[in-house]
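Worksheet: the structure to be examined is printed underneath.
Quick caveat, the model's predicted, so the values are computed rather than measured. Any value given below was found using the heavy atoms of this structure, including those in side chains, with hydrogens, waters and symmetry copies removed.
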Amino acid sequence: MALLGLFKPKDEIAGEPVLKDRSMILAYLEELARLGANVQFWVHKDDFVPLSGKIDLLHEQDSTMTVLLQRALPGDLQPNSILDMVFSMDGMRFDTPVHFIERAGYLRALFTLPKQISHAERRAKMRARFGPREKATCTVLEGFFEGKGATGRLVNLSMEGLCIRIDRAITIGNDHKLAINPDLFTVGTALPVVRIQNLPHTPTIECCGVVSHMRISPIGVLLGLRLEGLGGLETQLLHAVMTRRLPSFARGFPVKHRRAAMELGTGAELQAPEETWEIPEELEPTTALDATTQTACDEDLLAARPDTRERLLQIKKRGKRILIIIRDDLDRAILAGTLHVDGFRQILEAQNFIEVVKLCRTTPPHLILIEQQVGTANAQEFVSKVKKASGCGSIPVVMITDTLDVRTTLMAKAAGFAHMQRKPVDYDGELKAVLYRLLELA
């Protein structure tokens, strides 16, 4: 008898899950009948158009069901012929074989009840689609100092790639606006920076990518990417997003209960377990050394090794938190990436007032980089409200502006800003020295 365990059904060997629970299968059929949902019957695999119908009655004792068809069955269809019944439920597509028994009247047919149900997704690689009202975006860069950059709305996403509608494109070096057309990126171009942002309940996902296609569509110019360089954390985040948006991504089956069982039971034991989200614990800030002790340690290290000065500088950079307040994803990605290349690791990003106040309360930054206009408020009004709401008073602020006119200069001085940086940002030539001075790194 132990040898029976060595032989598995063909579907289990293939790795695809199969639903064989009779009660659950009947619950599926009852819901299809109650909702009047369309089901499709494929007589042959190569049929151009399937037969459509609705489940009318379930005969549980005889293990049969009556289906109302939209058109007549083929005249040569013989009893006991096997048809593939395909139906959709909860955003998933399922397939099950059924046997034709007989014609039960005008546009009515009798079939056997399914004994097993399997998934019938059309795509080999499942994709989650994002509508025009969703906020998910993607930003791609050819580099931090040169090349082209683009940003736009996320159209679809999978574990292997994504597609975006390009809404804005610039040259990174001089911030010149580029025309959006299918020749913007060449197929096969490697993109070292791909940032997927504003996904629900998900932090920014950063990886690399390769351009797989560019084309014009009714919604605009689309850019397709093949994702590369995904780490363990990024893979887990993508998997969580796909599972939430596509329940069938986990290759499971929605839990359904028969109406009779729901009426007889109390209902508490029939409810699906509530989904819980594990929130990572906040990292506690390390206790900083006092100025005298820190200076003594630095002097000892410098005396021990001549090259320790650069190492100390790198360590200090890693401990400095810089908050970037820029609404545009592309501009924010370029600046954040430039800071990361220079050695800064604690780079905080925000787009609106609520995000800034939350960050200032939980992880107060050592310096703020803010654009001149944040939404409907200018930088002076925005920073003033943030300091009152968060209690962070003495934080140096660098304002990034398009023009350095008299009005802007007076506003920056009145607000007590430490520096005004003109766009396009010259990081190595000007901003780098300013940041080092304000963060006491020089």
Side-chain angles (χ1 to χ4, degrees), residues 137-152 164 166-181 183-185 189-195 197 204 206 221 223 317 320 322-344 347-352 356 365 367-375 377-380 382-383 396-413 415 417-439 441-442:
T137 60
C138 179
T139 301
V140 298
L141 303 175
E142 286 185 329
F144 294 119
F145 305 103
E146 59 182 11
K148 291 175 287 188
T151 185
I164 66 172
I166 300 180
D167 297 328
R168 180 169 176 252
I170 63 171
T171 56
I172 298 174
N174 49 24
D175 198 20
H176 283 175
K177 187 176 180 180
L178 296 175
I180 300 175
N181 56 65
D183 299 326
L184 188 62
F185 293 99
T189 301
L191 300 174
V193 180
V194 176
R195 290 163 56 95
Q197 301 161 312
T204 299
E206 297 189 11
V221 177
L223 169 63
K317 286 181 183 179
K320 298 298 182 180
I322 300 178
L323 173 59
I324 302 176
I325 308 173
I326 298 178
R327 293 179 62 86
D328 185 79
D329 292 337
L330 188 55
D331 294 337
R332 194 172 65 254
I334 294 173
L335 186 53
T338 304
L339 292 171
H340 190 275
V341 170
D342 191 26
F344 294 97
I347 304 170
L348 312 175
E349 300 180 33
Q351 296 175 278
N352 53 56
V356 174
L367 184 139
I368 294 177
L369 290 167
I370 184 172
E371 59 184 345
Q372 183 176 353
Q373 193 74 20
V374 184
N378 59 40
Q380 180 184 13
F382 191 90
V383 172
V397 178
V398 175
M399 186 180 73
I400 301 174
T401 178
D402 293 324
T403 56
L404 289 176
D405 53 13
V406 176
R407 182 179 178 182
T408 304
T409 304
L410 292 176
M411 183 270 289
K413 289 184 177 180
F417 292 166
H419 179 71
M420 289 185 298
Q421 177 63 46
R422 187 171 184 175
K423 294 179 63 177
V425 176
D426 183 6
Y427 185 79
D428 289 328
E430 182 179 2
L431 184 59
K432 181 176 180 179
V434 173
L435 297 183
Y436 280 33
R437 175 175 55 83
L438 295 177
L439 294 172
L441 297 175

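- Evaluation of the salt bridge (charged side-chain N to carboxylate O under 4.0 Å, His left out) rule for Asp329 yields Arg332 as partners, not counting sequence neighbours.
- Distance check: Thr408 OG1 to Phe417 CZ gives 11.0 Å after rounding to the nearest 0.5 Å.
- Remark: of the listed residues Gln380, Glu371, Arg422, Gln372, Gln372 is the sole one forming a side chain to side chain contact (heavy atoms under 4.5 Å, CB included) with Met399.
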Run the numbers on Glu349 and Arg195 for side chain to side chain contact (heavy atoms under 4.5 Å, CB included), then give the verdict. CA-CA 13 Å; Glu349 300 180 33; Arg195 290 163 56 95; 2.5 Å; yes
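- When all heavy atoms of Leu184 and Ala169 are compared, the pair lying nearest together is CD2-CB, 3.6 Å.
- Residues that satisfy the side chain to side chain donor-acceptor pair (under 3.5 Å) test with Asp428, not counting sequence neighbours, are absent from this structure.
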Step by step, work out the side chain to side chain contact (heavy atoms under 4.5 Å, CB included) result for Val425 and Ile334. CA-CA 10 Å; Val425 176; Ile334 294 173; over 6 Å; no
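- Nearest heavy atoms, Gly149 versus Leu141: CA-CD2, 3.9 Å.
- Taking every heavy atom of both residues into account, Ile172 and Phe144 meet most closely at CG2-O, 3.3 Å.
- When the salt bridge (charged side-chain N to carboxylate O under 4.0 Å, His left out) test is applied to Asp426, no partner is found at least two apart in sequence or on another chain.
- Interatomic distance, CD1 of Ile325 versus CG of Asn352, reported as 10.0 Å (0.5 Å rounding).
- Atoms CG and CG, on Leu335 and Leu369 in that order, are 5.5 Å from each other to the nearest 0.5 Å.
- When side chains are defined from C-beta on, Lys432 does not count as touching Leu435, because their heavy atoms never get closer than 4.5 Å.
- Looking at Asp328, Thr139, Thr151 one by one, the single match for side-chain hydrogen bond (donor to acceptor under 3.5 Å, both in side chains) with Arg168 turns out to be Asp328.
- Of all heavy-atom pairs between Met420 and Ala412, the closest is SD-CB, 3.3 Å.
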Where do Leu431 and Ile400 land on the side chain to side chain contact (heavy atoms under 4.5 Å, CB included) test, with the steps shown first? CA-CA 10 Å; Leu431 184 59; Ile400 301 174; 5.7 Å; no
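- Between Leu367 atom CG and Ile322 atom CD1 the span is 6.0 Å, to the nearest 0.5 Å.
- For the pair Leu330 and Ala150, the tightest heavy-atom approach, listed with the atom from each and the gap, is CD1-N, 3.7 Å.
- If you take CE on Met411 and CG on Asn378, they are separated by 5.0 Å, rounding to the nearest 0.5 Å.
- Lys148 is linked by a side chain to side chain donor-acceptor pair (under 3.5 Å) to nothing, counting only residues two or more places apart in sequence or in another chain.
- Residue Cys138 holds its SG atom at 11.5 Å from CG of Asp167, rounded to the nearest 0.5 Å.
- Partners of Thr171 by side chain to side chain donor-acceptor pair (under 3.5 Å), not counting sequence neighbours, listed by chain and number: Asn174.
- With sequence neighbours left out, the side-chain contact (heavy atoms from CB on, under 4.5 Å) criterion links Glu430 to His419, Gln421.
- The two atoms that bring Ile370 and Val397 nearest to each other are CG2-CG1, 3.7 Å, heavy atoms only.
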Begin from the C-alpha positions of Phe344 and Leu439 and carry the test side chain to side chain contact (heavy atoms under 4.5 Å, CB included) through to its verdict. CA-CA 11 Å; Phe344 294 97; Leu439 294 172; 3.7 Å; yes
